[in-house]
Amino acid sequence: WSSNVCSPDPPAPKRPPGQGITGGGVFGGTGTNTSPAAATMAAPKAPPAPTLGPMTVAPPVVKAPPPPPPLASFARPSTIAQVFQERAKAASAQDAIGSEQIAKSAGGDAADVMAKVTGTSVVDGKFMVVRGLSDRYNNTTLNGAELPSADPYRKAAQVDLFSASQIDQIVATKTFSPDQRGDFTGGAVNIITKSFPERRFLTLSLGSSYNTQASLSDRFLVSRGGDTDWAGLEDGTRALPDKLKGVPPTAVAPNSATLIKEFKNTQFAATRGSSPMNQSYAFSFGDTLNFLNRPFGYFAGGNYAKSYSFYENGTNDRYDSALNSKTKFKDTRAIEDVNWGAVVNLAWAPLPEQELGFNFLYNQSAEDMARQQTGFDFTTGNSPDTTTHVNTLHYTERHLHTFQFKGRHALPWLGDARLDWLTSLASTSQDEPDLRYFNYYSADNGLRSEEHTSELQSRFGISYAVFCLKK
């Protein structure tokens, strides 16, 4: 384009040096001032190319894994309304607590949760009692299968092995019905574990307790043990020597001195020592994943506890049928308990309204007991001024493990029926590798007190001792 006649231009605005006016317009190029009467106007120059800064690459977008498909109706966590509805339809008197109530409580394990069920209580923090009746009259089941006890002298199983986060329901039945076990007398408690966690979780807990008689006491009775006593496992320190196998269980001096030398541990009486505070540790974790486009849930947990109990100046007397005194002892006893266990639950829903599960339970416990009794045994025929000293060392180890395979299947083609099945394998054992009795007598010479036990043993020697070895 062009212009033949141009009127005088208005005063040009101030501009930086070197920047000119071309064709009556202001441009960013460089040049000189031109006459306002120029016949033609030059075409504007192209602006310079923009300068690009450092290039940045956006991070790739990572897609979250798809959530697991919806769970079967019977695999969802129990609610308060569901618990009340099941209790109303039950053919027997029962009480229950569900996962919704458990989540709102402060309980850390099944023992804490069970204490909140009406009509049930917990003894020693781990044994269940229903309606005030001892474990002899009660049953404890895990998902409907009997949960054995590792202690042959007790029927109740230890319910503190299960973390509260793994429990879906605890149902306490107080009256008999045909679906209960034949040895049902007082009550039955069924611990039902979860199959699929609602969300990923990880819990850790540490605990400690103080016993006014046993904790931080410097008069606790202790004995030498093995290197793995802290785990409730015997490492062979208390094992019966090979040379003593086949020897009569009772030996009397002078052969006793020779036999004792065969033992790895030659201590036959406890000594005074110190005891720490009771302690406990626990952890659990779990989640629900997507495995082969189907829900897969897992739980795992473990716990460890160590506790101490102690008393002294106790009285242990025995009488015959005519109420004549047979023994009269002052009793001192100390017990160190170790208990640890592990639980694993796995579940998978291969098809809608179908579920397969596996449960594993392991428990290891040990009890180390030391006892001293000092007094009079009138059945020995000794003179009244003769003091009898009875020393006992007793170590007991117990083991329990349980395997469970289970399944739940909805059958809509059979009138909306449901098939539940479970198979269980459990094994328990108890080992008493060493039970030692060390008895001796002393005259009334001022050295009868328990503080002088070691001095008496050194003074009288092993030839005056009568001991019993029991395998």
I'd like to know whether Y210 forms a side chain to side chain contact (heavy atoms under 4.5 Å, CB included) with L216, so could you lay out the CA-CA distance, the side-chain angles of the two residues, the decisive distance to 0.1 Å, and finally the verdict. CA-CA 8 Å; Y210 179 81; L216 306 180; 4.0 Å; yes
Pair Y308-N278, side chain to side chain contact (heavy atoms under 4.5 Å, CB included): steps then yes or no: CA-CA 6 Å; Y308 303 84; N278 300 335; 3.6 Å; yes
Here the pair of heavy atoms bringing E355 nearest to A347 is OE2-CB, 4.3 Å
Atom CZ of F310 and atom CG of N211: how far apart are they, to the nearest 0.5 Å? 10.5 Å
Could you walk me through whether L221 and R371 pass the side chain to side chain contact (heavy atoms under 4.5 Å, CB included) check? CA-CA 7 Å; L221 297 181; R371 192 173 191 176; 5.6 Å; no
Would you indicate whether the side-chain heavy atoms of Y137 and V130 approach each other to under 4.5 Å? no
Nearest heavy-atom neighbours spanning H389 and S442: NE2-OG, 2.9 Å
OG1-CG distance between T140 and N190, expressed to the nearest 0.5 angstrom: 9.5 Å
Distance only, no hydrogens: is a donor on one side chain within 3.5 Å (strictly under) of an acceptor on the other, for T402 and N359? no
Strictly distance-based, threshold 3.5 Å: is any side-chain N or O of E432 a donor or acceptor partner for the main-chain N or O of D434? no
Hey, are the side chains of N143 and I192 touching, using non-hydrogen atoms and a 4.5 Å cut-off? yes
If you measure from the Lys or Arg side-chain nitrogens to the Asp or Glu carboxylate oxygens, is any gap between D331 and R333 under 4.0 Å? no
Have H399 and Q364 got a donor and an acceptor in their side chains that come within less than 3.5 Å? no
Test side chain to side chain contact (heavy atoms under 4.5 Å, CB included) on N313 and K330 and set out the steps. CA-CA 6 Å; N313 297 324; K330 180 188 295 184; 3.8 Å; yes
Please work out whether the ring planes of Y362 and H401 are parallel, tilted or perpendicular, with thresholds of 30° and 60°. parallel
Please report the interatomic distance CG(L435) to NE2(H394), rounded to the nearest 0.5 Å. 4.5 Å
Flag side-chain contact, heavy atom, 4.5 Å: T396 against Q430: yes
The side chain to side chain contact (heavy atoms under 4.5 Å, CB included) partner of N439 among D377, T392, V390, T388 is V390
Less than 4.5 Å apart, any side-chain heavy atom of I170 and any of T120? no
Can the ring centroids of W421 and F405 be said to lie less than 6.0 angstrom from one another? no
Heavy-atom pair with the smallest gap, counting every atom of A145 and Q404: CB-NE2, 3.5 Å
Salt bridge check: are D431 and R238 linked by an N-O gap of less than 4.0 Å? no
Starting at OG1 of T237, measure out to OH of Y395 and round the result to the nearest 0.5 Å. 9.5 Å
One should read off an interatomic distance between K306 NZ and N339 CG, to the nearest 0.5 angstrom, of 12.5 Å
Are the side chain of R408 and the backbone of G357 linked by a donor-acceptor contact shorter than 3.5 Å? no
Pairing residues for F360 by the ring-ring contact (aromatic ring centres under 6.0 Å, His included) criterion, not counting sequence neighbours: F403
S223 versus E336: any side-chain heavy-atom pair under 4.5 Å? no
Take S217 and S275 through the side-chain hydrogen bond (donor to acceptor under 3.5 Å, both in side chains) test and state the conclusion after the steps. CA-CA 6 Å; S217 172; S275 60; 5.1 Å; no
Is there a donor-acceptor pair under 3.5 Å between the side chain of W340 and the backbone N or O of G302? no
Counting heavy atoms not belonging to D227, are there more than 12 under 6.0 Å from its CG? no
Is a donor on one side and an acceptor on the other found under 3.5 Å between the side chain of T428 and the backbone of L400? no
Which residues pass the side-chain contact (heavy atoms from CB on, under 4.5 Å) test with Y319, not counting sequence neighbours? D317, S325, K328
Write down the atom of L393, the atom of Q267, and the distance for their closest heavy-atom approach. CD1-O, 3.6 Å
Using every non-hydrogen atom in the two residues, find where P350 and L356 come nearest and quote the distance to one decimal. CG-CD1, 4.3 Å
Main chain of G341, side chain of N303: is a donor-acceptor contact present, judged purely on distance under 3.5 Å? yes
Heavy-atom side-chain contact between R294 and P352 under 4.5 Å: yes
Could you check if a side-chain atom of T332 sits within less than 4.5 angstrom of a side-chain atom of R272, using non-hydrogen atoms only? yes
Side-chain touch Y298/D287, heavy atoms, less than 4.5 angstrom: yes
Closest approach of W348 to L292 (non-hydrogen atoms, all atoms of both residues): CZ2-CD1, 4.1 Å
With ring centroids as reference points, do F299 and F201 lie under 6.0 angstrom apart? yes
Verdict with supporting geometry, Y440 and F438, ring-ring contact (aromatic ring centres under 6.0 Å, His included): CA-CA 7 Å; Y440 61 91; F438 185 84; 5.7 Å; yes
Would you give the length of the straight line joining atom CG of L204 to atom CZ of F283, rounded to the nearest 0.5 angstrom? 8.5 Å
